[in-house]
Each structure stands twice: as C-alpha cells, then as structure tokens.
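Below is one structure, written out as structure tokens; comments come after it.
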Number of protein chains: 2
Amino acid sequence: MTRAQFDREQVIRDATQLFWQQGFSGASMQQVVKATGLKPGSLYLAFGSKEGLYQAALESYTSQLRAAVCRVLDDAPSVGEGVCQLVLQLVEECGSGNYCSCFLIKSQLELAASGSDLLHCISGYLSQMEDLYADYLSREHSPEQARLYAASLMLHVLGLRVYGYLGRSRETTIAAAKAGLPWLPWHKVDVPD
Amino acid sequence: MTRAQFDREQVIRDATQLFWQQGFSGASMQQVVKATGLKPGSLYLAFGSKEGLYQAALESYTSQLRAAVCRVLDDAPSVGEGVCQLVLQLVEECGSGNYCSCFLIKSQLELAASGSDLLHCISGYLSQMEDLYADYLSREHSPEQARLYAASLMLHVLGLRVYGYLGRSRETTIAAAKAGLPWLPWHKVDVPD
DNA sequence: GCTAAATTTGAATGAATGTTCAAGCTATTA
DNA sequence: TAATAGCTTGAACATTCATTCAAATTTAGC
C-alpha cells in the first residue's frame, strides 16, 4: 500500500491558477503536468480526466470565493458597508497587473456551447453567489427587496469582471458602480471620489 | 486571372457564428472548413491564418453590433427610451434557446491571457461601444453625466451578457436592470413589470 | 523481511491540430 | 485561341493533443 505522495489541495490550486488564466481549451495537459509537477499517470489516477481536474478546480475556486465574501461581510459593521467594500475590492483587482477576471465567469462563457456536464455546476455556483448576497442583504431589507438588490449587485459584479479589461481609471469605475447601486451606504465607507 | 469564387462577407459571417459559439481555441480549422465550405488553401490565401480570420470575424461582428445599436437609438422617440429598448432587447435575447452572450466579451475573456494581437482590437471595440453610448446620451445630458451614465450602462450590458446564463426569469432580470438604471424613462416604454 | 496493494513513472498511442504546397482549374487579357 | 495570372484543391506535414499502461517504486500489514 501507498498513500498519495502529493498534496491534493495544492495540486488543485496549481491547476486552478492555470485553468483560470488559460481556459479549459487553452490549457494543455502538458502545461498542467508542468504546473503541478505530477506526471500524467498520477494526474489521471487522481482526477480521471482533464474535465475531472477542471471540476475540482471549479469547486476549489468557488469555496474560496464564498469564504472570502463571507469574511468581508461578516467583519463589516453592516451588510451594506460590507457590500461596498466588496465592490471597491473588485475595482481594485481590476487595476492589478495580471488581472484575470473571474474563473467562474470565464468558464461559463467558454463552455456554454460545449454541452459539458460542467455547465450545470458553473451556473449553479454563480447562482449560489447571488443567493449568498440575497441572504446577507435580507438582514437589512425585506426578502423581496433583498432578492432585487442581490440581482442588481450580481449584474454589477459580473459587469465589473469584464469592464476591468477596458483599462478605465479606478475613479471612473467606482463612480459607475455607485451610480448603479445608489441604495448602498457609500458615505460610510472610505471611497476615493 | 480569376476572381474569388466565394462571397467573402458570407464566409466571414459563417466563421463568426462558429467562433462566437465555440471560441478561438474551441473552434478548429476543420470546423471552419466545414462551416464555410471553403478548402483550407482558400481560407489561408484569403485570411492568412486562423487569427486573421478571427480578426475579420471580430470586425464584422462589431460593425453589425454598432449598426444595430444605432438603428434602435436613432429610431426611438428619445435616447433614453432607445436605451430602455436596447436593455429590454438584451434581456429578451438572454431567454432565447441558443443564447450565446456577446462575441466581443467571450473573446476578451478567452484571449486575455494569450498576449495575442487581437486583444487591443477587442478591448478597443468594447470601449467604442461605451463611447457610442456616451455620444448618444450627451444629447440629453451634460458630457460628464453622459460619460457616467454610459459607464453604468456598459456595466449593465456586460453584466446582463453573463447573467443571461443563470436562467433567471425575464421579470427578475428586467427588475434588476431597472433598479440599477433608475435614470432611464422606463415609464415611457412598454415593459412587463 | 516478505508480500501485496497502491502509487509513480514517462515513453508510447492514435487522433486532431494549424498550416503548406504542388498540381489542376478557371476566367480574363491579348 | 493561346497565354497567363489567380484561384481552388486536398493530400501531406510536423506538432501537439488527451490519454494509457506496463514496469518500477514505495509503503503498510503481517
């Protein structure tokens, strides 16, 4: 008997980074082999196929994303302020050098026409993020209002994840987000106008 | 001497549809050969490379998109109402059976990490769409207001192009868009609440 | 220390990839 | 009609692709 000699989570993290950057078709298994340090045989024994590994990457990414969102919203003085912080954080990411949008969004768009089993996962994960927003927002709003605000917030998050590539200034981007989310307590957070 | 025996624009349209659905990496030249009816040699003589054909597809798509937007905005009673119509039209598309998001957005996300020459084109085309919105909006708003509204509109358009995959009802989606774009004259257009 | 089960190795597989090119064809010009 | 420039053809090219598997290695249980 032998236990696996590699750190499964670390391998998934390495694969996630590669798939996130290059996409499913864009990343070859040879690149995965190089990125993870595992040989093809080990990869296929552990994950079954390229698609299996991609699915593990999606799961890992989503759980980390969810955790990061919860951390910010839990630590903020109010849900509204927390959401403001999330949006500002997003804008900040957009300006970073190697900006890479969102793994879920990129996966959704790339695989939409492929009819892959992964698709149900992906749109499910995206929906879960909206549900998460709605749950938090319902602490400060009626259920219907919370759902509406969550959908509008989702629209902005998705939009920002693409808008980030247009190279607009942080100020411009923040102003646009504020204009579309006027019900948030922007005056309570430290936002460069 | 001989003239090309195929309709160049038709070939580009066929290729556009394929690339739009499958992506750059996802669509093989063999598929392009089948979709256009041209043999490899003719394709390479006419477009130089897969990337060259993709570029032609992007150009074609963008000019049609621009024309469609202008048509709606020019024909509407006011720019505000025209923008409402554009948004509603977008939501309608989201619900259609073979929804395929936006070719520019999909290209931007897929090729972002590739370092391809196409990238400058793509983000340029997307920026041009925002500029177009700003131009029209400046007929009814101050230049600064128009730029702000155009950016917010852009955020919504990009967001909706991804949100469409989540399978939300038309009503939910429209409500979210209305919430984020409260400065539009929604009361003047026929919108299912 | 021996056996056996689990994991690792990495070369090999066949299919698919983007691209090329020499030969054949077509239509215009002289 | 003959010559020729330009287009079409589609088999062939070298790579690269995802995946496999038999042999080597490692560890756990006895």
Side-chain angles (χ1 to χ4, degrees), chain A residues 1-58 106-107 110-111 113-119 121, chain B residues 1-58 106-107 110-111 113-119 121:
Chain A
M1 286 187 212
T2 313
R3 288 277 181 78
Q5 290 167 24
F6 57 88
D7 178 349
R8 192 171 214 272
E9 295 308 313
Q10 181 58 49
V11 166
I12 293 175
R13 270 192 296 272
D14 292 340
T16 301
Q17 197 170 10
L18 181 68
F19 281 136
W20 185 358
Q21 281 173 11
Q22 309 286 346
F24 182 81
S25 296
S28 72
M29 285 305 282
Q30 294 198 37
Q31 288 178 290
V32 174
V33 164
K34 181 178 278 184
T36 61
L38 292 195
K39 307 293 170 188
S42 299
L43 279 171
Y44 277 82
L45 185 73
F47 301 102
S49 65
K50 189 183 185 183
E51 195 163 314
L53 178 55
Y54 199 88
Q55 165 129 21
L58 282 171
K106 293 181 78 169
S107 301
E110 179 183 359
L111 301 173
S114 75
S116 160
D117 298 336
L118 295 169
L119 270 173
C121 284
Chain B
M1 287 187 206
T2 313
R3 287 276 182 77
Q5 289 167 26
F6 58 87
D7 179 349
R8 192 173 214 271
E9 294 308 312
Q10 182 58 48
V11 166
I12 294 175
R13 271 193 294 272
D14 291 340
T16 301
Q17 197 171 8
L18 181 69
F19 281 136
W20 185 359
Q21 281 173 12
Q22 309 284 347
F24 182 81
S25 295
S28 71
M29 285 305 282
Q30 295 196 37
Q31 288 178 291
V32 174
V33 164
K34 182 179 278 184
T36 61
L38 291 195
K39 308 293 171 185
S42 299
L43 279 170
Y44 277 82
L45 185 72
F47 301 101
S49 66
K50 189 184 186 185
E51 196 163 313
L53 178 55
Y54 198 88
Q55 165 128 23
L58 283 171
K106 293 181 78 169
S107 301
E110 179 183 0
L111 301 173
S114 76
S116 161
D117 297 336
L118 295 170
L119 270 173
C121 284

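Quick note on labels: first sequence line is chain A, next is B, and so on, each numbered from 1. Note: hydrogens, waters and symmetry copies are ignored here, and every other heavy atom, side chains too, is used.
A sub-4.0 Å separation between OP1 or OP2 of D:dC17 and a side-chain N or O of A:S28 is present. Between D:dC7 and B:S42, no contact under 4.0 Å exists linking OP1 or OP2 to a side-chain N or O. OP1 or OP2 of D:dG10 sits under 4.0 Å from a side-chain N or O of B:K39. Taking only side-chain nitrogens and oxygens, A:Y44 comes nearer than 4.0 Å to OP1 or OP2 of D:dT19. Regarding contacts with the backbone of D:dA5, every side-chain N or O of B:T2 stays at 4.0 angstrom or more from both OP1 and OP2.
Counting heavy atoms from C-beta outward, B:F47 and B:Q55 have side chains that stay 4.5 Å or more apart. A 4.5 Å side-chain heavy-atom check between A:T36 and A:F6 finds every atom pair outside the cut-off. With a 4.5 Å cut-off on side-chain heavy atoms, B:E110 and B:F19 do not count as touching.
B:L38 comes within contact range of no nucleotide atom at all, as no heavy-atom separation falls under 4.0 Å. Contact annotation for B:A46: no contact, since no heavy-atom pair falls under 4.0 Å across all strands. Using a 4.0 Å heavy-atom distance criterion, A:Q5 is classed as a sugar-phosphate-only contact.
Computed from coordinates, the B:L43 CG to D:dT8 P distance equals 10 Å when rounded to whole Å. Atom CG in B:L45 sits roughly 19 Å away from atom P in C:dC25 (whole-Å rounding). For the pair A:Q22 CD and D:dA18 C1', the computed distance is 17 Å after rounding to whole Å. Rounded to whole angstrom, the span from the CE atom of B:M29 across to the P atom of C:dA16 amounts to 17 Å. Taking atom CZ of residue B:F47 and atom C1' of nucleotide C:dT20, one finds them 18 Å apart after rounding to whole Å. Atom NZ of A:K34 and atom C1' of C:dG10 are 16 Å apart (whole Å).
Side-chain atoms of B:S107 and B:Y54 include a donor-acceptor pair closer than 3.5 Å.
Residues B:Q21 and B:K106 share a closest heavy-atom pair of O-NZ, 3.3 Å.
Two residues, B:Q30 and A:F6, neighbour DNA chain C, and the one matched to the more 5' nucleotide by heavy-atom proximity is A:F6. Checking A:G41 against A:Q31, the closest nucleotide of DNA chain D that is more toward the 5' end is the one next to A:Q31.
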